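Okay, so here's the structure we're looking at.
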Amino acid sequence: MNIKLPDGSIHQYQDGMTALDIAESISPRLRKATLAAELDGKRVDAFAPIKGDHELKLLTFDDENGRWAFRHTASHMLAQAVKRLDPEVKFAIGPAIENGFYYDFDTPEGFSFSPEDLDALEKEMNKIAAESLQLHRFELPREEAIEYMKARNEPYKVELIQDLPEDSIISFYEQGEFADLCAGPHLENTGKVKNVKLMSVAGAYWRGSEKNKMLQRIYGTAFEKKADLEQYLFRLEEAKKRDHRKLGRELDLFDILDEGPGFPFFYPNGMTLRNQLESFWREQHQARGYKEIRTPMILNRDLWIRSGHWDHYQNNMYFTKIDDMDYAIKPMNCPGSILTYKRKIYSYRDLPERLGELGLVHRHELSGALHGLMRVRCFTQDDAHIFMTPEQIKAEILGVIDKFQCFYDTFGFKYTVELSTRPEKSMGSDEQWEHATSALEEALQASGLPFAINPGDGAFYGPKIDFHLEDAIGRTWQCGTIQLDFQMPERFDISYVGPDGEKHRPVMIHTVVFGSIERFIGILTEHCAGAFPTWVAPLQVKVLTITGRADEKAAEICETLKAAGLRAEADLRNEKIGFKIREAQMLKVPYMLVIGDKEIEQGVVAVRGRKKGDLGTMPLADFITLIHEEIASKAHD
RNA sequence: GCCAACGUAGCUCAGUUGGUAGAGCAGCUGAUUCGUAAUCAGCAGGUCAGGGGUUCGAGUCCCCUCGUUGGCUCCA
């Protein structure tokens, strides 16, 4: 048979040889590294015999798909270990995921895995690796497959098979006494999976639906090399140090107290930071032709019925009564924005009308969903609503995308983009949804941004484009969104007068860049580990004296800095300079000015940067120029 | 909301088989005037999340509530 390798070369092999054999023929080391293979682009076992001419790619741990096979085998080993230690446990599913794998188990009533159990399971997995069990693949016809799993008393597996399409191949993988329903591919042998770490236990609904039984999920990870596992665990530990909840307390920025779950406090430092972000937002939006508004936090029931929130969003809303009438606290700003639009008659010449609002919204999120500033029950959306003619849609969306890129680049964020389509619970006709969805898709394509489709995740009034930013440990959070909406304009019967003198229905875009100021601050805090870019840092310069003889000069310098528009403080305490520097470093103050007898005598300041250390001395005026330039450029890092 | 773990001083954490709460940092007081990540000493600080129960006795054991964390579900 002829085998074409990724470098384009074609080699002849004997029919029936496996990918491992072929790897061996190239080098013994490659054979050892080969975990799985891709045959004509399809993932297969490296130990499966190959027949006929094909294109072959050998997958190692460096390939995402190689790691996937490696960790998927690890998840089977976990299941095997669980079964050995507790035969009563039933298997659900156990896939490889980014950075690891998990397996869901249905355990006997009242039993749940403890940390000690995880240790024991880890040991058993190591034993399974030491046993060096060979993996075998076999296929069964549908009925036999069902009988096979019934005989093994695995009801979840039976259900999975029953839900597979009639004509699908039903494959199993067997290692020692253990066999599992699985499409593969897998490693040839359990002996390869030596560096395993079981991370945590969590509840997870069967098939992801809260209507189903909650199963026990064990998360783990596995690496080919021990050093890589250790490095991964170390990185996780390091990442915890930049958790925004921890930094928020340490830097005295913000906190969430037991007295108000999900309702954050912003302390003076946090407020300074926040105000900088809001100023930036205002500058940018003014420059981009937006007008700012502010709409009420409480509006009456009729409004929310009209907007559809009463029907579609009630579970997430807070209510109140005023003079025996029902009111709701706004969970979104759009109805207020629409009422603003409705206050007068718009001409097509006025459009697009871009209305921005830093609006505080309240949403009753499930208690278990709360997470620091990332997920709260009251937050400020940096909202904007654009009212426009249908012809303006594409240009407006492109304008918004440009705005997003400007914002995220300013902070040095990487982001991923998703297009979310119609959810089950939604309003409007199929045509409207199709029209709106394709408008978004076209704009995205025109922007050249790579994006993924997220089916069924749109808002109830329209499809959306989401921008996701990463936190310290790689979880991603939706920040920016662009939502196209044909519904609200209908519901509120808003219009503009066209060139023909007739009334027309405008189209509406809902969009946020920060997403919520709170979440954005959370992400930004983790992104820079609390060392905020100078332009947003709560305190920009700390003036440190070496002895009391410098007090007067330091105070004077501090005043000069403040007069130059900088956020500066002087530390005149009777402490050693090393101690003062340590404190300022821990607070991640961008610049420290050390003032002692020498500086006073020479008429200079000794500058220390939080990252670069001692930067030498310079006249105060030079330092002010330097920091002003840095602030003006909004430099990060 | 669901599953699990956890909740001790402002912060980080000790507290053995139930026998009346302890350290470091921060704070306060005093001494020290000192060149780029911690000067020394003293003092003060807690209804052990809240409420019930078991017990001669509960921070430790049991139950309930609240909150936090990790997930699931949901979402900016």
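Numbers restart at 1 for each chain; the letters A, B, ... are given by sequence-line order, proteins then strands. Every value quoted in this text rests on a predicted model; they were computed, and no experiment measured them.
The side-chain hydrogen bond (donor to acceptor under 3.5 Å, both in side chains) test applied to Q216(A) returns no partner, not counting sequence neighbours. Remark: E599(A) engages no residue in a side-chain hydrogen bond (donor to acceptor under 3.5 Å, both in side chains) (not counting sequence neighbours). Shown here are the salt bridge (charged side-chain N to carboxylate O under 4.0 Å, His left out) partners of E470(A), two or more places apart in sequence or in another chain: there are none. Judged as a side-chain hydrogen bond (donor to acceptor under 3.5 Å, both in side chains), and not counting sequence neighbours, the contacts of D243(A) are R245(A). For the side-chain hydrogen bond (donor to acceptor under 3.5 Å, both in side chains) test, residues two or more places apart in sequence or in another chain that qualify with H244(A) are E526(A). By the salt bridge (charged side-chain N to carboxylate O under 4.0 Å, His left out) test, K576(A) pairs with no residue at all, sequence neighbours left out. Annotation: side-chain contact (heavy atoms from CB on, under 4.5 Å) contacts of A222(A) (sequence neighbours excluded): F70(A), R71(A), A74(A), F101(A), V193(A), V196(A).
If you check every strand for non-hydrogen atoms under 4.0 Å, R363(A) touches a base. Using a 4.0 Å heavy-atom cutoff across all strands shown, G208(A) reaches sugar-phosphate atoms only and no base atom. In this structure, T481(A) reaches the sugar-phosphate backbone alone: every heavy-atom distance under 4.0 Å involves primed, P, OP1 or OP2 atoms, never a base. Backbone-only contact: Q478(A) has heavy atoms under 4.0 Å from sugar-phosphate atoms and none from a base. In this structure, R377(A) reaches neither bases nor backbone, as no heavy-atom distance under 4.0 Å exists between it and the strands shown. At the heavy-atom level, F514(A) lies nowhere under 4.0 Å from the strands shown. Nucleic acid contact class of K464(A) (heavy atoms, under 4.0 Å, all strands): sugar-phosphate only.
Going from atom CG of L198(A) over to atom C1' of rG70(B) covers 15 Å, rounded to whole Å. Atom P of nucleotide rA76(B) and atom CD of E470(A) are separated by 19 Å, given to the nearest angstrom. Summarising the geometry, the separation between CE on M374(A) and C1' on rG71(B) is reported as 16 Å, rounded to the nearest angstrom. Atoms OH (Y461(A)) and C1' (rC75(B)) sit 12 Å apart, rounded to a whole Å. As a whole-Å value, the separation of Q314(A) CD from rC75(B) P is 16 Å. E424(A) places its CD atom 15 Å from the P atom of rU73(B), with the value rounded to the nearest Å. rC25(B) atom P lies 17 Å from atom CD of E250(A), rounded to whole Å.
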Expected rows: protein N/O vs nucleotides 2-5 of chain B N/O, under 3.5 Å:
{"from": "rC3(B)", "atom 1": "O2", "to": "G203(A)", "atom 2": "N", "distance (Å)": "3.2"}

Measure all distances between protein nitrogen or oxygen atoms and nitrogen or oxygen atoms of nucleotides 63-65 of chain B, and list the pairs falling under 3.5 Å.
none

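Without hydrogens or angle criteria, K588(A) side chain to F532(A) main chain gives no donor-acceptor distance under 3.5 Å. Listed for the W304(A) side chain is a donor-acceptor partner under 3.5 Å among the backbone atoms of L299(A). At distances below 3.5 Å, not a single donor-acceptor pair connects side-chain atoms of K213(A) with backbone N or O atoms of W206(A).
Of the candidates rA76(B), rU68(B), rC11(B), the closest approach to any side-chain atom of R249(A) belongs to rC11(B). Nearest nucleotide to the side chain of V376(A), out of rC72(B), rA76(B), rC75(B): rA76(B).
Side chain to side chain, N315(A) and H364(A) fail the donor-acceptor criterion of an N or O pair below 3.5 Å. A donor-acceptor contact closer than 3.5 angstrom links the side chains of E116(A) and S114(A). In this model, no donor atom of one side chain and acceptor atom of the other lie less than 3.5 Å apart for Q540(A) and T534(A). For the residue pair Q478(A) / R519(A), no side-chain donor-acceptor distance below 3.5 Å is found, with atom types taken as modelled.
The aromatic ring of F379(A) sits over the base of rA76(B), with ring centres less than 5.5 Å apart and planes inclined by under 30°.
Contact annotation: R245(A) does not reach the phosphate of rU68(B) (side-chain N/O to OP1 or OP2, under 4.0 Å). Within the 4.0 Å cut-off from OP1 or OP2 of rU68(B), not a single side-chain nitrogen or oxygen of H371(A) is found.
Contact of the L572(A) side chain with the L544(A) side chain is not registered, since no non-hydrogen atoms from C-beta on lie closer than 4.5 Å.
Using a 4.0 Å cut-off on heavy atoms, none of the residues of residues 92-105 of chain A approach RNA chain B.
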Toss me the dot-bracket line for RNA chain B: Watson-Crick and G-U wobble, both under 3.5 Å, 5' to 3', using | for pairs to another strand and [ ] for crossers.
(((((((..((((.....[..)))).(((((.......))))).....(((((..]....))))))))))))....
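Nearest-nucleotide positions on RNA chain B place L370(A) closer to the 5' end than the other of D466(A) and L370(A).
The one candidate from Q483(A), Q487(A), H309(A) that meets the side chain to side chain donor-acceptor pair (under 3.5 Å) condition with Y461(A) is Q483(A).
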Going 5' to 3' along nucleotides 35-49 of chain B, which nucleotides have protein heavy atoms under 4.0 Å from the base (write B), which only from the sugar-phosphate (write S), and which from neither (write -)?
BBBBB----------
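Dense packing is recorded around CD of E250(A), with more than 12 heavy atoms of other residues, nucleotides or ligands lying under 6.0 Å away. Within 6.0 Å of the NZ atom in K611(A), the count of heavy atoms belonging to other residues, nucleotides or ligands exceeds 12.
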